[in-house]
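First comes the structure, then the notes that go with it.
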Amino acid sequence: MWASGSASATDRPPRSFSENLHMLDARHVSEHLDEVRAQLARRSPDDAALLDGVAELAKKRRELVQKTEKLQMERNAASDGMAALAKSGDREAMQARREELKKLSDEVKRGETALSELEAAISEKLLGIPNVPHASVPDGKTDADNPVLRVVGEVPKFDFKPKAHWEIGEALGILDLDRAAKLSGARFSLLFGAGARLERALATFMLDLHTREHGYTEVYPPFMVKAEALRGTGNLPKFEADLFKTYRGDPNDKDALYLIPTAEVPVTNVHAGEIIEADELPIAYAAYSPCFRSEAGSYGRDVRGLIRQHQFDKVEIVRFCAPEDGPAQLELLTGHAENVLKRLGLAYRVVEHVTADLTFSSTKSYDLEVWLPSQEAYREISSCSWFGDFQARRAQIRYRPEPKGKPRLLHTLNGSGLAIGRTWLAILEQFQQKDGSVLVPEALRAFMGTERLVPAK
RNA sequence: GGAGAGGUGACCGAGUGGUCGAAGGUGCAUGAUUGGAAAUCAUGUGUGCGGGCAACCGUACCGAGGGUUCGAAUCCCUCCCUCUCCGCCA
């Protein structure tokens, strides 16, 4: 099932970075240009074109590094000479030498400046290039090509026309989209009574399942983060328009914070810049958070109901592991997300993203799609992804394979476990009854204190 | 928000212009000693980049960014963060 990279992966291991291919660092790209181009072409021709110029820049950089370091070496040697002169107290000799060294020093500075500019240009280019698909990912042009891997649970049959969740929710008096719009505009929601309680129950239920049965450590992260954190996960620089940005006084504040689009961002960056010992892996975190998305470019889609909101709740599961464990960890994590649906008794299916449907940072992804009777369709409720070392490189998250060994980039994974708003609406739709009530899933009854939602009188 | 003190290697901590990638200690690793362990002694112990088959060599990094200087962990500027006291506050 898992084709392990392409043949050239083993031909010649790259010197400075991890051996796998899910990486876009300048050295790897310039040494395996055709191969990386072919991999990106599986996503789209446009993505492959993003590589243009990278190899040349990398080569230029190497030359400049060598030139500059040679100058630095000369300068350092000369400075040692000056130290000796200073000791001898020969002021005139020092003065003369100083003139000469000034020139050398200026040259060093020019080199250093040119080098840092070039490196900035390279990293700007690389930051805009998406991850390469894993060899096992099927080719495809749109999400319609995504293969269905399995269908789980029984799609409910109704002897009446099933209502949409917003109709059910409003009739029960637990959902009020009109008043939400009064407060905050379109794509916000307002829950009352059992509706609000259901939202809270789902968050608690999911966190309990992941922490007690799946071995995750619960994390409560900040809901606002720096641009740096978003760069680590791959949301920036390319997807700024999808985010809500906050500022204090100055709209152009360099240190402006962003509202998180998912807990993936703060939780993945928990270990940014760190070196983790091998015996600490895998690390597994589960976090509840609200998520904020501007939904730019989605006008006209899912305008009704709770499917697509500017603010929604989600429990996110995140894993850090050694590279060789990546594939197995993706299966494991996906299973954990699926368990939530199974425990709730919701009918769903699992699809795999084809190459063209992969998100920017992902090397392989599965979506869990829940059945929505009102739409007679499966809709995404969780996306489970393996990022290879793509995020780890951007956020500099490494581990030490051997106690004294060289650090290597680790692999990151995450998945929704699950999107709470969509779970909420799926429960209303799948468990709706002819009389307008909604059966509460067994697993939630203790939290909800009832087995049935009925209109508040 | 006001006043003050600080940010140095895994940790503690010295270092106010050249001999500092950085004393000393702790921790850790290896070896010696021991029946075994403790204690003791010796040696070693950061990361990135460039070169090299390698041993290794070079270079950069002492919160971040800029400046002064032939030369900056050390001097100057800006910013960030932490701590203490005061004020305010869920």
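Naming: A, B, ... by sequence-line order, numbering from 1 per chain.
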Taking atom types as modelled, find out whether His32(A) and Glu35(A) have a side-chain donor-acceptor pair closer than 3.5 angstrom.
-> no

Find the distance Lys60(A):NZ to C49(B):P and express it as a whole number of Å.
-> 21 Å

G-U wobble or Watson-Crick pairing nucleotide for C62(B) (cut-off 3.5 Å, both distances) = none

What is the distance from CZ of Arg408(A) to P of U47(B), rounded to the nearest Å?
-> 15 Å

State which residue, out of Lys59(A), Lys67(A), Lys60(A), fulfils the salt bridge (Lys or Arg N to Asp or Glu O under 4.0 Å) condition with Glu63(A).
-> Lys59(A)

Base, backbone or nothing for each nucleotide of nucleotides 65-73 of chain B, written B, S, -, heavy atoms under 4.0 angstrom, 5' to 3'?
-> ----BBS--

Counter-base of U40(B), judged by Watson-Crick or G-U geometry with both distances under 3.5 Å | A32(B)

When the distance from CD of Gln396(A) to P of U47(B) is rounded to whole Å, what number comes out?
-> 13 Å

Re G17(B): Watson-Crick or G-U wobble partner, both distances kept under 3.5 Å, found to be none

Output one line per pair: protein atom, nucleotide atom from nucleotides 56-58 of chain B, and distance, for all N/O pairs under 3.5 Å.
residue: G58(B); atom: N2; partner: Glu69(A); partner atom: OE1; Å: 2.7
residue: G58(B); atom: N2; partner: Glu69(A); partner atom: OE2; Å: 3.0
residue: G58(B); atom: N3; partner: Glu69(A); partner atom: OE1; Å: 3.4

If the P atom of U43(B) is compared with that of U26(B), how far apart are they to the nearest Å?
-> 14 Å

Can you tell me how far the CD1 atom of Ile307(A) sits from the CZ atom of Phe312(A), to the nearest 0.5 Å?
-> 11.5 Å

Interatomic distance, Ile275(A) CD1 vs C28(B) C1' [rounded to whole Å] = 15 Å

Look at the side-chain N and O atoms of Arg400(A) and state whether any lies under 4.0 Å from the OP1 or OP2 oxygen of U47(B).
-> yes

Check whether any side-chain N or O of Arg398(A) sits under 4.0 Å from OP1 or OP2 of G46(B), and answer yes or no.
-> no

Rounded to the nearest Å, what distance is computed from the NZ atom of residue Lys406(A) to the C1' atom of nucleotide A54(B)?
-> 15 Å

Glu402(A) CD to A29(B) P: how many Å, rounded?
-> 15 Å

Just grab all the side-chain hydrogen bond (donor to acceptor under 3.5 Å, both in side chains) pairs involving residues 307-328 of chain A, residues at least two apart or on different chains.
-> Ser189(A)-Gln309(A), Tyr216(A)-Arg319(A), Thr262(A)-Lys314(A), Tyr288(A)-Asp313(A), Glu295(A)-Arg308(A), Asp302(A)-Arg308(A), Lys314(A)-Glu316(A), Arg319(A)-Gln329(A)

Heavy-atom distance under 4.5 Å between the side chains of Arg75(A) and Leu101(A), does that happen here?
-> no

Do NZ/NE/NH1/NH2 and the carboxylate oxygens of Asp242(A) and Arg293(A) come within less than 4.0 Å?
-> no

Roughly how many Å is it from CD in Glu63(A) to P in G51(B), rounded to a whole number?
-> 11 Å

Residues Gln72(A), Glu112(A); criterion side-chain hydrogen bond (donor to acceptor under 3.5 Å, both in side chains); working and verdict | CA-CA 9 Å; Gln72(A) 286 171 326; Glu112(A) 286 172 344; 2.8 Å; yes

Whole angstrom value for the distance that separates P of U59(B) from CZ of Arg61(A) | 17 Å

Give none if A23(B) has no partner; otherwise give the nucleotide forming a Watson-Crick or G-U wobble pair with it, both distances under 3.5 Å.
-> none

Side chains of Ser44(A) and Asp47(A), donor plus acceptor under 3.5 Å | yes

Per Gln72(A) side chain, nearest of listed nucleotides G51(B), G18(B), A60(B) | A60(B)

Nearest 0.5 Å, what's the NE2-CD1 distance between His214(A) and Ile317(A)?
-> 8.0 Å

